[in-house]
S.K.: 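First the structure, which I've put down as structure tokens, then a few questions once you've had a look.
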Amino acid sequence: MRVCVVGSGGREHALAHVLGRDADVVVTPGNPGIPGSVATPPEEVDADLFVVGPEAPLVDGLADRLRVAGRAVFGPGADGARLEGSKAWMKEVLVDAGVPTAAHGAFTDEATALAFLDTMGDLFVIKTDGLAAGKGVLVTEDRAEAEDAVRAYLAGDAFGDAGRTVVIEEGLTGPELSLLAVCDGTAAVPLAPAQDFKRIGDGDAGSNTGGMGAYSPVPAATDGVVGDLMEGAVLPTLDALRRRGIDYRGVLYCGLMFTPVGPKVLEYNVRFGDPEAQVVLPRLADSLADLLAAAAAGALGDAPAFDAGAAVTVVCAAEGYPASPRTGDPIDGLEAVAALDGVTVFCAGVGEADGRLTTAGGRVLAVTGRGADIAAARQRAYAGAGAISWPGIQRRTDIAATPTAAD
Ligand code: AMP
Ligand code: GLY
């Protein structure tokens with residue numbers, strides 16, 4: 001099978017790497033660190049299966065255009081991708097599907113939005129309705145900061161048009177979980193659960209990022225918990241989409257929080273998580289190409305098997321990320337990491353100059369370690385990430401240090 005992966009980040013490198021076990025893979029546009037990268041636009045690539053990595057082209061209807069051209073595609077059309085493209089719409093679907101989620105309101109008017117803050121508790125959550133590269137969410141106890149964000153979002157000052165509708169949510173607390181389900185329009189199967197680390201700093205301090213590391217499995221997410229989440233969240237959501245005439249074939253990424261009153265869905269994404277993909281996919285024991293091809297054809301079989309070991313990934317980010325990453329520095333240490341057992345480097349914001357790989361974005365690399373358990377995988381991930389260097393490199397030191405345990 002020949003598979004075309006669309007995208008250019010660490011997630012797409014992980015997809016290509018694992019698909020490459022039993023398929024021929026091209027990645028468009030990819031990056032200089034991803035083997036098989038081609039500059040050809042996806043519409044002009046010849047492949048048996050297209051796997052669209054990022055949300056933006058999905059929201060923009062790339063999967064629809066490819067399907068119209070007769071291609072098999074793993075990734076929802078623009079109708080289903082709206083789950084990620086509009087948080088207000090996602091909340092409507094969640095409520096319709098009866099899925100537990102944070103109380104919320106969606107607003108375009110400043111006075112009404114500010115008045116709604118009075119109905120919230122001590123923790124305010126302000127989100128852009130539209131896409132903001134994972135950065136459109138403010139979680140704060142500071143009422144003045146919440147009000148400033150509402151004004152800046154609605155005025156278009158903070159995130160342009162993405163913020164002109166603002167979603168205000170009840171602040172929830174508890175450990176988070178990323179559950180990725182593969183859907184074929186009607187049926188869905190879970191992938192191994194993962195947890196990611198969204199803040200830039202150790203101890204979850206500082207700004208939200210796209211994700212600074214992840215691990216899988218998550219001890220708290222037992223098979224029973226995953227089964228309940230499939231029955232209580234993923235399958236009802238797929239039904240609610242189908243009632244709207246949406247044939248959702250792709251990943252439904254369920255971002256959850258284990259609150260004191262039970263798990264609640266924080267958000268849906270319409271693609272694999274990044275960096276969750278870098279820990280979930282390497283653990284897959286079955287063929288990823290066969291799984292995604294079956295989903296694209298509307299003919300999913302049984303849930304795939306995962307190896308019993310663990311994976312941990314540590315993101316190496318550029319100086320200044322997430323606000324203003326510095327780029328253009330040569331990446332040192334890649335040869336040393338290549339010699340380490342059980343360590344794989346996935347290239348995200350990577351460029352090339354004078355025959356060397358260079359930093360070209362905020363999150364530059366994700367270094368994944370695999371081992372018999374989380375501690376062993378973590379040790380390998382940090383051995384790898386520690387061998388990489390460039391001026392101002394940022395990595396958290398506490399990824400997977402205290403995995404969320406079962407009660
Ligand atoms: P989202 O993009 O909606 O997943 O939000 C990004 C991050 O913000 C989540 O992973 C949580 O850490 C945090 N977050 C989102 N919604 C809430 C909420 N209602 N209560 C508390 N934290 C939240
Ligand atoms: N790691 C969070 C995301 O992919 O949205």
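Indexing begins at 1, ligand by ligand and atom by atom, following the structure's order.
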S.K.: Can you list the ligand 2 atoms lying under 4.0 Å from a non-hydrogen atom of P275?
M.R.: 1 (N)
S.K.: Would M257 count as being in polar contact with ligand 1, using the rule that some N or O on each side must be under 3.5 angstrom apart?
M.R.: no
S.K.: Could you tell me which atoms of ligand 2, counted from 1 in the order shown, lie closer than 4.0 angstrom to a heavy atom of G210?
M.R.: 1 (N), 2 (C)
S.K.: In terms of atom number and element, which parts of ligand 1 are under 4.0 angstrom from non-hydrogen atoms of A102?
M.R.: 19 (N)
S.K.: Should the ring pair Y153 and F159 be called parallel, tilted or perpendicular, given that the plane angle runs from 0 to 90° and is split at 30 and 60?
M.R.: perpendicular
S.K.: Main chain of D329, side chain of T359: is a donor-acceptor contact present, judged purely on distance under 3.5 Å?
M.R.: yes
S.K.: According to side-chain contact (heavy atoms from CB on, under 4.5 Å), who are the partners of L154, at least two apart in sequence or on a separate chain?
M.R.: E110, A113, V150, V166
S.K.: I'd like to know if the side chain of D48 and the backbone of R2 have a donor-acceptor N/O pair within less than 3.5 Å.
M.R.: yes
S.K.: Take E267 and K127 through the test salt bridge (Lys or Arg N to Asp or Glu O under 4.0 Å) and record every step on the way to the result.
M.R.: CA-CA 11 Å; E267 61 158 352; K127 301 184 175 183; over 6 Å; no
S.K.: Check each atom of ligand 2 against the heavy atoms of D196 and keep those under 4.0 Å away; list them by number with element.
M.R.: 1 (N), 2 (C)
S.K.: When you measure from the side chain of T209 to the backbone N and O of R199, does any donor-acceptor pair fall under 3.5 Å?
M.R.: no
S.K.: Under 4.0 Å, heavy atoms only, figure out whether ligand 2 is touched by the backbone of Y253, its side chain, both or neither.
M.R.: side chain
S.K.: Quick one: which ligand 1 atoms are inside 4.0 Å of a heavy atom on K87?
M.R.: 2 (O), 3 (O)
S.K.: Taking 4.0 Å as the limit for heavy-atom contacts, which would you say applies to R271 with ligand 2: side chain only, backbone only, both, or neither?
M.R.: side chain
S.K.: Would you say the side-chain atoms of T28 pair up with the backbone N or O of T40, donor to acceptor, closer than 3.5 Å?
M.R.: yes
S.K.: Can you sort out which atoms of ligand 1 are near E267, meaning under 4.0 Å from one of its heavy atoms?
M.R.: 1 (P), 2 (O), 3 (O), 4 (O)
S.K.: Atoms of ligand 2 less than 4.0 Å from N269 heavy atoms?
M.R.: 5 (O)
S.K.: Heavy-atom contacts with G273 under 4.0 Å: which atoms of ligand 2 show up? List them by number with element.
M.R.: 4 (O)
S.K.: Could you tell me, atom by atom, which parts of ligand 2 come under 4.0 Å of a heavy atom of E276?
M.R.: 1 (N), 2 (C), 4 (O)
S.K.: Can you figure out which of V137, T128, L177, L266 has its heavy atom closest to atom 17 (C) of ligand 1?
M.R.: L266
S.K.: How are the rings of F346 and H17 set relative to one another: parallel (under 30°), tilted (30 to 60°) or perpendicular (over 60°)?
M.R.: perpendicular
S.K.: By number and element, which atoms of ligand 1 are closer than 4.0 Å to a non-hydrogen atom of G171?
M.R.: 20 (N)
S.K.: Answer yes or no: is there a donor N or O on one side and an acceptor on the other, between the side chain of R283 and the main chain of A311, under 3.5 Å?
M.R.: no
S.K.: Provide the number and element of each atom of ligand 1 under 4.0 Å from a heavy atom of E170.
M.R.: 18 (C), 19 (N), 20 (N)
S.K.: Look only at the side chain of D398 and the backbone of A401, and say whether a donor-acceptor pair between them is shorter than 3.5 Å.
M.R.: no
S.K.: Is there a polar contact, in the sense of an N or O pair closer than 3.5 Å, between D274 and ligand 2?
M.R.: yes
S.K.: Within the structure, does E267 bring an N/O atom to less than 3.5 angstrom of an N/O atom in ligand 2?
M.R.: no
S.K.: Which residues pass the side-chain contact (heavy atoms from CB on, under 4.5 Å) test with D148, sequence neighbours left out?
M.R.: R151
S.K.: For ligand 1, which atoms have a heavy atom of E176 less than 4.0 angstrom away?
M.R.: 9 (C), 10 (O), 11 (C), 12 (O)
